[in-house]
*Asks:* 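The structure that follows is given in the form of structure tokens.
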Number of protein chains: 2
Amino acid sequence: MGTTQLETVPEPKYWHLKTVLSDALDSEFAVGEILPNERELAARFGVARATLRQALEQLELEGRLQRRRGVGTTVAPPRVGVDVGSEAGPHTWPGAPGDAWQAEDHERAPAPAAVVRMLGVAADTAVHAVRRGRMTGGQQVASEVLYVHPDSVPALPPGADQEPDGSARARTVLRELHRLQLVGQDRTVELGSARADDARRLDRLPGAPVLVVTTRYLSEGGTAAVSVATYRADTCRLSFSDSEDVSLLAS
Amino acid sequence: MGTTQLETVPEPKYWHLKTVLSDALDSEFAVGEILPNERELAARFGVARATLRQALEQLELEGRLQRRRGVGTTVAPPRVGVDVGSEAGPHTWPGAPGDAWQAEDHERAPAPAAVVRMLGVAADTAVHAVRRGRMTGGQQVASEVLYVHPDSVPALPPGADQEPDGSARARTVLRELHRLQLVGQDRTVELGSARADDARRLDRLPGAPVLVVTTRYLSEGGTAAVSVATYRADTCRLSFSDSEDVSLLAS
DNA sequence: AAGTGGTCTAGACCACACG
DNA sequence: GTGTGGTCTAGACCACTTC
């Protein structure tokens with residue numbers, strides 16, 4: 001009587017807070033608008049800052065908020081749909097005309113263990129590592145390393161190996177790769193956390209949640225190349241549509 | 001001299017801790033093995049428990065650890081590859097023979113806002129909501145709600161509407177759906193956090209990270225149904241392969 | 001210099017699983 | 001009951017951006 005409802009299964013404060021904030025974002029804030037700072041929000045809701053932060057973290061994970069050190073917390077725009085592989089239709093090599101990626105660098109180095117396993121090479125074999133970036137709407141949304149089996153591109157054209165511009169070497173490797181015939185590919189998506197170098201490129205802090213898309217490119221000889229692409233999980237929705245009606249899904 | 005290296009860009013403690021733990025997991029622990037408890041680990045590394053937990057959280061996010069309240073922290077097995085839609089080849093309706101899902105329940109209710117938009121119905125229109133679950137290796141890995149446009153399945157066979165068994169009604173709706181011709185589909189993947197009901201089904205706490213796979217099924221009349229499937233992000237790697245060579249990717 | 005979010009501490013209590 | 005992870009507090013200091 002007169003008491004508020006007894007919660008038989010009490011909800012954690014941060015969970016309730018998240019709901020309240022989420023509703024407020026829908027009704028009282030516009031995209032890009034800046035929220036009150038964490039200390040004030042915590043005071044306003046009568047919780048410790050750590051608890052408030054737990055709620056904000058979840059909302060950021062869901063792509064509702066964007067936080068930047070030294071700046072503040074802003075309301076994030078809806079996630080952008082990013083087309084990942086048009087599975088239907090003929091498969092294409094990475095770097096085919098019209099793809100969304102920009103070659104950035106190239107080196108010859110051993111691949112990480114997981115990639116070594118897929119390429120079927122020895123652990124210390126130097127493979128081509130082509131670094132590429134992907135922009136969408138003026139924002140860097142993904143960073144990729146394409147590991148090319150040395151048998152796929154055994155030698156670069158004369159002189160190309162000494163080319164000092166990494167992105168030029170990268171494009172050369174891709175061009176050489178296109179001489180092979182692509183017979184198939186498969187692709188996996190999983191959750192990961194950004195390594196330090198990827199985090200820098202994606203303008204995030206190390207450990208930020210990312211969607212890792214691993215693609216295996218098969219030619220007649222087996223796995224010719226493996227791509228590991230790292231997408232910002234907060235801002236991206238990966239799209240595997242076979243048609244181009246992505247517009248209907250947006251907003 | 002004699003000093004340890006001065007870190008010009010000091011690494012956060014929890015980040016370093018994560019690296020140390022990750023290496024230890026590779027070299028000193030077997031899958032399923034139980035780690036020392038958080039209070040002891042924190043003491044052993046000379047950090048506060050909250051800091052230690054920050055490192056454990058990341059490792060859990062990456063699928064390296066599994067934590068259960070009242071039990072302890074164990075070393076997680078490698079993520080299981082879960083086949084999601086064989087994009088290539090003919091598309092099929094959900095519930096086609098041989099698919100990995102188990103119908104659980106059915107009700108008629110309004111759909112969430114995002115689904116309403118895709119189905120192109122009014123916000124308060126009651127649609128079929130078919131709940132399904134997906135097991136892999138004895139573990140529940142995903143929970144799905146399939147929203148079926150009322151025009152796609154306007155009426156159930158006589159008597160089926162009064163059937164008290166929800167899973168039987170669910171199977172009936174799927175069967176009726178199969179009478180339509182499927183002309184296309186598209187699919188998106190994004191990061192989300194588990195709602196309370198999904199969390200319970202997936203044996204996780206609310207807010208646990210999940211991969212949300214949204215599939216739109218197109219028939220001649222437009223969007224006939226929309227599926228929202230929620231996969232455990234810690235234990236699953238979604239596979240979009242067109243062949244069945246998933247074995248080469250595993251382990 | 002001032003203000004923001006990011007890291008860290010040292011405690012406390014709670015919910016849950018298990019013997 | 002005992003031990004585990006989960007939640008929460010009230011502080012402190014740091015790294016970064018902006019003015």
Side-chain angles (χ1 to χ4, degrees), chain A residues 6-19 21 33-61 64-76 193-194 196 199-200 203-209 234, chain B residues 6-19 21 33-61 64-76 193-194 196 199-200 203-209 234:
Chain A
L6 290 176
E7 311 190 15
T8 49
V9 178
E11 208 173 36
K13 278 191 187 177
Y14 77 90
W15 185 258
H16 180 243
L17 207 48
K18 180 192 140 183
T19 311
L21 284 169
E33 200 172 343
I34 188 164
L35 267 61
N37 71 53
E38 297 185 350
R39 288 159 181 88
E40 178 172 343
L41 280 176
R44 189 179 298 186
F45 288 107
V47 299
R49 191 177 155 219
T51 305
L52 185 268
R53 277 180 60 82
Q54 215 172 337
L56 294 184
E57 251 149 50
Q58 286 241 354
L59 289 170
E60 191 177 29
L61 197 81
R64 306 288 312 274
L65 292 179
Q66 187 148 354
R67 299 191 286 174
R68 267 176 307 174
R69 168 153 54 178
V71 179
T73 301
T74 56
V75 181
S193 50
R200 202 170 350 96
D203 190 26
R204 299 267 67 196
L205 290 175
D234 55 345
Chain B
L6 290 177
E7 312 192 14
T8 49
V9 178
E11 207 173 37
K13 277 191 187 178
Y14 77 90
W15 185 258
H16 180 242
L17 206 48
K18 181 191 140 185
T19 312
L21 284 168
E33 198 172 343
I34 188 165
L35 268 60
N37 71 52
E38 297 185 350
R39 289 159 180 88
E40 178 172 342
L41 280 177
R44 189 178 300 187
F45 288 107
V47 299
R49 190 175 156 220
T51 304
L52 186 266
R53 278 180 60 82
Q54 215 171 336
L56 294 184
E57 251 149 49
Q58 286 243 351
L59 289 170
E60 190 177 30
L61 197 82
R64 305 289 311 274
L65 291 180
Q66 187 149 353
R67 297 191 288 173
R68 267 177 308 175
R69 169 154 51 182
V71 180
T73 302
T74 55
V75 181
S193 50
R200 200 168 354 94
D203 188 29
R204 299 267 68 196
L205 291 176
D234 56 343

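The basis for the numbers below is simple: all heavy atoms, side chains too, and nothing from hydrogens, waters or symmetry mates. Proteins come first, then strands; the chains are lettered A, B, ... in the order of their sequence lines, and each starts at number 1.
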*Asks:* Specify the closest pair of heavy atoms between A:L41 and A:P36, including all atoms of both residues, with the distance to one decimal.
*Replies:*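 Between these two residues, the closest heavy atoms are CD1-O, 3.5 Å.
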*Asks:* Take the protein atom CG of A:L17 and the nucleotide atom P of D:dT9, then report the distance between them rounded to whole Å.
*Replies:*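 That distance rounds to 10 Å.
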*Asks:* Roughly, in whole Å, what's the span from CZ in B:F45 to P in C:dC8?
*Replies:*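 In whole Å, C:dC8 P lies 14 Å from B:F45 CZ.
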*Asks:* A:L35 CG to C:dG3 P: how many Å, rounded?
*Replies:*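 Distance, rounded to whole Å: 19 Å.
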*Asks:* I need the minimum non-hydrogen distance between B:G207 and B:S193, along with the two atoms involved.
*Replies:*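 Scanning both residues, the minimum pair turns out to be O-CB, 3.4 Å.
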*Asks:* Just verifying a value: how many Å separate B:L59 CG and B:Q54 CD, rounded to the nearest 0.5 Å?
*Replies:*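 The CD atom of B:Q54 is 11.5 Å from CG of B:L59, to the nearest 0.5 Å.
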*Asks:* Using a cut-off of less than 4.0 Å, is there contact between a side-chain N or O of B:Y14 and OP1 or OP2 of C:dT7?
*Replies:*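 So the side-chain polar atoms of B:Y14 do come within 4.0 Å of the phosphate oxygens OP1 or OP2 of C:dT7, strictly under.
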*Asks:* Nearest whole Å is fine: how far is C:dC13 P from A:K13 NZ?
*Replies:*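 The distance from NZ of A:K13 to P of C:dC13 comes to 14 Å, rounded to the nearest Å.
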*Asks:* Whole-Å distance between C:dC16 C1' and B:R204 CZ?
*Replies:*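 Those two atoms, CZ and C1', are 14 Å apart.
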*Asks:* Collect all protein-nucleotide pairs involving nucleotides 2-4 of chain D in which both atoms are nitrogen or oxygen and the distance is under 3.5 Å.
*Replies:*
from  : atom 1 : to    : atom 2 : distance (Å)
D:dG3 : N2     : B:G70 : O      : 3.3
D:dT4 : OP1    : B:N37 : ND2    : 2.8
D:dT4 : OP2    : B:N37 : ND2    : 3.0
D:dT4 : O2     : B:G70 : N      : 3.0

*Asks:* What heavy-atom pair brings B:T51 and B:K13 nearest, and what distance separates the two atoms?
*Replies:*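 Heavy-atom minimum between the residues: CG2-CB, 4.2 Å.
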*Asks:* What is the distance from CD1 of B:I34 to C1' of D:dG5, rounded to the nearest Å?
*Replies:*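 To the nearest whole Å, that distance equals 11 Å.
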*Asks:* Under 4.0 Å between a Lys/Arg side-chain N and an Asp/Glu carboxylate O for B:E11 and B:K18?
*Replies:*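 So B:E11 does not pair with B:K18 through a salt bridge.
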*Asks:* Which residues pass the side-chain contact (heavy atoms from CB on, under 4.5 Å) test with B:P12, sequence neighbours left out?
*Replies:*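 B:Y14, B:W15.
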*Asks:* In degrees rounded to 10°, what angle is found between the helical axes fit to the five outermost pairs at each end of the helix from C:dA1-D:dT18 to C:dC18-D:dG1?
*Replies:*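 For the helix from C:dA1-D:dT18 to C:dC18-D:dG1, the axes at opposite ends meet at about 10°.
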*Asks:* Figure out the NE2/C1' separation between A:H16 and D:dT7, and round it to whole Å.
*Replies:*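 Rounded to whole Å, this separation is 16 Å.
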*Asks:* With the side chain counted from C-beta on, respond yes when A:L35 and A:L65 share a heavy-atom pair under 4.5 Å apart, and no when they do not.
*Replies:*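 The answer is yes, as the side chains (C-beta and beyond) meet within the 4.5 Å cut-off.
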*Asks:* Name all residues meeting the side-chain contact (heavy atoms from CB on, under 4.5 Å) criterion together with B:T74; count only those two or more places apart in sequence or in a different chain, and write none if there are none.
*Replies:*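 Residues passing side-chain contact (heavy atoms from CB on, under 4.5 Å) with B:T74: B:I34, B:Q66.
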*Asks:* Got a sec, which residues hit side-chain contact (heavy atoms from CB on, under 4.5 Å) with A:E38, two or more places apart in sequence or on another chain?
*Replies:*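 side-chain contact (heavy atoms from CB on, under 4.5 Å) check on A:E38 returns A:R49, A:L52, A:R53, A:L56, A:R67.
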*Asks:* Hey, can you pull the residues of residues 48-60 of chain A with a non-hydrogen atom under 4.0 angstrom from DNA chain D?
*Replies:*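 Close to the strand are A:A48, A:R49, A:A50, A:T51, A:Q54.
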*Asks:* I need the B:Q58 CD to B:L21 CG distance, nearest 0.5 Å.
*Replies:*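 With rounding to 0.5 Å, CD (B:Q58) is 11.5 Å from CG (B:L21).
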*Asks:* Inspect the surroundings of CG in B:D203 and state if more than 12 heavy atoms from other residues, nucleotides or ligands are less than 6.0 Å away.
*Replies:*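 No, because the 6.0 Å sphere around CG of B:D203 holds 12 heavy atoms or fewer from other groups.
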*Asks:* Quick one: B:R67 CZ to C:dA17 P, roughly how many Å, whole number?
*Replies:*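 About 16 Å, once rounded to whole Å.
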